[in-house]
**Q** 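The structure under discussion is supplied below as structure tokens; questions concerning it will follow.
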Amino acid sequence: MGVKVFETRKFSVYVEKFQLPNGKVKETAYVAHKGSVVIAPFLSSNELIMVRQYRPIAGKWLLEFPAGTIEGNEPPEVTAMRELEEETGYRAGKLKHLFSFYVSPGVTNEKMHAFVAADLKRTEQKLEDYEVIEVKTVSLDDVVSMASAGEIEDGKSLTLALYLALNRHKLQDLL
């Protein structure tokens, strides 16, 4: 890693020189992140839990799948179970990893792990003081329609919605 220029609880910012495949060297600043998770929690074969969350940086409410940052050295599966219950008040009886992706590789090394959760049991939300979240129940058809219409503006949720739309035939095996 290069020179750390800033640090928070969730990430650090570094400036580093990178040797490129073409032999050139590029100095760049980037956000070093431990990774994160996003979860598609199914109440039934066509009914999902999403969260409507106020995002101060965007300055508005966004409809999203539950998600969160990996803490310490916890495995992504543990993060997914924890974040699902904290944000939605549901605990999953089943959890399956679907895929992983880089959130914005030109700016950060953050890798996000996408999961599907099923066999949900109601518990209670455990929100942080700074989280303003409403739990919503949405059909898979509505998720796909809202994503297509531009009503879901959150990148991780769009990515997971696309996966779900393209893999509907596999979902029964996952649930």
Side-chain angles (χ1 to χ4, degrees), residues 1-22 24-42 48-58 62-88 90-92 94-118 120 126-128 130-131 133 140 143-144 147 152-168 170-171 173-175:
M1 294 216 155
V3 176
K4 187 186 299 183
V5 295
F6 184 74
E7 184 172 23
T8 73
R9 182 176 68 87
K10 289 190 173 190
F11 64 86
S12 299
V13 177
Y14 287 86
V15 174
E16 186 171 351
K17 290 183 180 178
F18 292 93
Q19 177 80 41
L20 303 176
N22 65 3
K24 295 183 179 181
V25 174
K26 179 182 185 210
E27 183 174 86
T28 190
Y30 66 95
V31 175
H33 194 283
K34 290 183 180 183
S36 55
V37 301
V38 60
I39 310 107
F42 279 85
L48 292 125
I49 297 290
M50 293 188 78
V51 294
R52 185 172 174 260
Q53 184 166 6
Y54 184 76
R55 294 294 193 173
I57 294 170
L62 296 177
L63 186 63
E64 308 174 16
F65 283 114
T69 299
I70 293 171
E71 292 182 0
N73 293 322
E74 71 185 356
E77 294 78 10
V78 172
T79 305
M81 293 292 274
R82 176 178 51 75
E83 288 291 344
L84 176 62
E85 187 168 11
E86 287 176 4
E87 291 191 0
T88 69
Y90 283 91
R91 182 176 296 134
K94 295 180 189 174
L95 185 74
K96 176 154 178 57
H97 183 264
L98 299 174
F99 61 97
S100 300
F101 62 99
Y102 288 98
V103 175
S104 184
V107 178
T108 180
N109 67 351
E110 180 181 357
K111 193 169 194 178
M112 182 166 270
H113 308 277
F115 292 88
V116 64
L120 303 181
K126 298 172 185 162
L127 299 176
E128 301 284 347
Y130 58 85
E131 291 179 309
I133 295 175
L140 179 54
V143 170
V144 173
I152 297 176
E153 298 178 272
D154 171 60
K156 67 186 173 298
S157 299
L158 285 168
T159 302
L160 187 48
L162 176 62
Y163 178 91
L164 296 173
L166 294 174
N167 291 282
R168 286 177 188 242
K170 294 181 187 177
L171 291 177
D173 296 337
L174 301 174
L175 305 174

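Hydrogens, waters and symmetry mates play no part in the numbers below; they use all other heavy atoms, side chains included.
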**Q** Can you tell which of E87, M50, Q53 makes a side chain to side chain contact (heavy atoms under 4.5 Å, CB included) with E64?
**A**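 The passing option is Q53.
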**Q** Tell me, with the steps shown, if E77 and L95 meet side chain to side chain contact (heavy atoms under 4.5 Å, CB included).
**A** CA-CA 8 Å; E77 294 78 10; L95 185 74; 4.2 Å; yes
**Q** What is the distance from atom CG of L140 to atom CZ of R168, rounded to the nearest 0.5 Å?
**A** 4.0 Å
**Q** What pair of heavy atoms forms the shortest contact from L84 to A92, and how long is it?
**A** CD2-CB, 3.7 Å
**Q** Return the CG to OG1 distance between L48 and T88, rounded to the nearest 0.5 Å.
**A**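 So the gap between those two atoms works out to 11.5 Å.
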**Q** Assess the residue pair V144 and L164 against the criterion (side chain to side chain contact (heavy atoms under 4.5 Å, CB included)); give the C-alpha distance rounded to whole Å, side-chain angles, the decisive distance to 0.1 Å, and a yes or no.
**A** CA-CA 8 Å; V144 173; L164 296 173; 5.9 Å; no
**Q** Counting only N and O atoms by type, is there a donor-acceptor contact under 3.5 Å from the side chain of N109 to the main-chain atoms of H33?
**A**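 Indeed, once roles are kept as given, a pair shorter than 3.5 Å links the two residues.
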**Q** Is there side-chain contact between V38 and T159, with at least one heavy-atom pair below 4.5 Å?
**A**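 Side chain of V38 against side chain of T159, heavy atoms only: no contact under 4.5 Å found.
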**Q** Is the number of heavy atoms from other residues, nucleotides or ligands under 6.0 Å of R91 CZ greater than 12?
**A**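 Incorrect, the count does not exceed 12.
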**Q** Locate the shortest heavy-atom distance separating S12 from Y14; write the atom from each residue and the value.
**A**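 The answer is CB-CE1, 3.6 Å.
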**Q** Please find the pair of heavy atoms, one from T69 and one from E74, that lie closest to each other, and give the distance.
**A** O-OE2, 4.1 Å
**Q** Just wondering, are more than 12 heavy atoms of other shown residues or ligands nearer than 6.0 Å to OH in Y54?
**A**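 Count over threshold, so yes.
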**Q** Kindly determine whether F18 and Y30 satisfy side chain to side chain contact (heavy atoms under 4.5 Å, CB included), including the steps that lead there.
**A** CA-CA 11 Å; F18 292 93; Y30 66 95; 3.7 Å; yes
**Q** Identify the heavy atoms of S157 and I152 that sit nearest to each other, and give their distance.
**A** CB-CG2, 3.9 Å
**Q** Determine, stepwise, if the pair E71 / T79 fulfils side chain to side chain contact (heavy atoms under 4.5 Å, CB included).
**A** CA-CA 7 Å; E71 292 182 0; T79 305; 6.0 Å; no
**Q** What is the distance from atom NZ of K170 to atom OH of Y163, rounded to the nearest 0.5 Å?
**A**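 One gets 5.0 Å once the value is rounded to the nearest 0.5 Å.
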**Q** Less than 4.5 Å apart, side chain to side chain, heavy atoms only: is that true for I49 and Y90?
**A** yes
**Q** Rounded to the nearest 0.5 Å, how far apart are CZ of F101 and NE2 of H113?
**A** 9.5 Å
**Q** Got a second to check how far K26's NZ is from N22's CG, nearest 0.5 Å?
**A**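 Nearest 0.5 Å value for the NZ-CG distance: 11.5 Å.
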**Q** Looking at every heavy atom in both K156 and F65, which two are closest together, and how far apart are they?
**A**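 Scanning both residues, the minimum pair turns out to be CE-O, 4.2 Å.
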**Q** Heavy atoms only: give me the nearest F115-L160 pair and the separation to one decimal.
**A** O-CD2, 4.3 Å
**Q** Please round to the nearest 0.5 Å and tell me the distance separating atom CZ of R52 and atom CD1 of I133.
**A** 12.0 Å
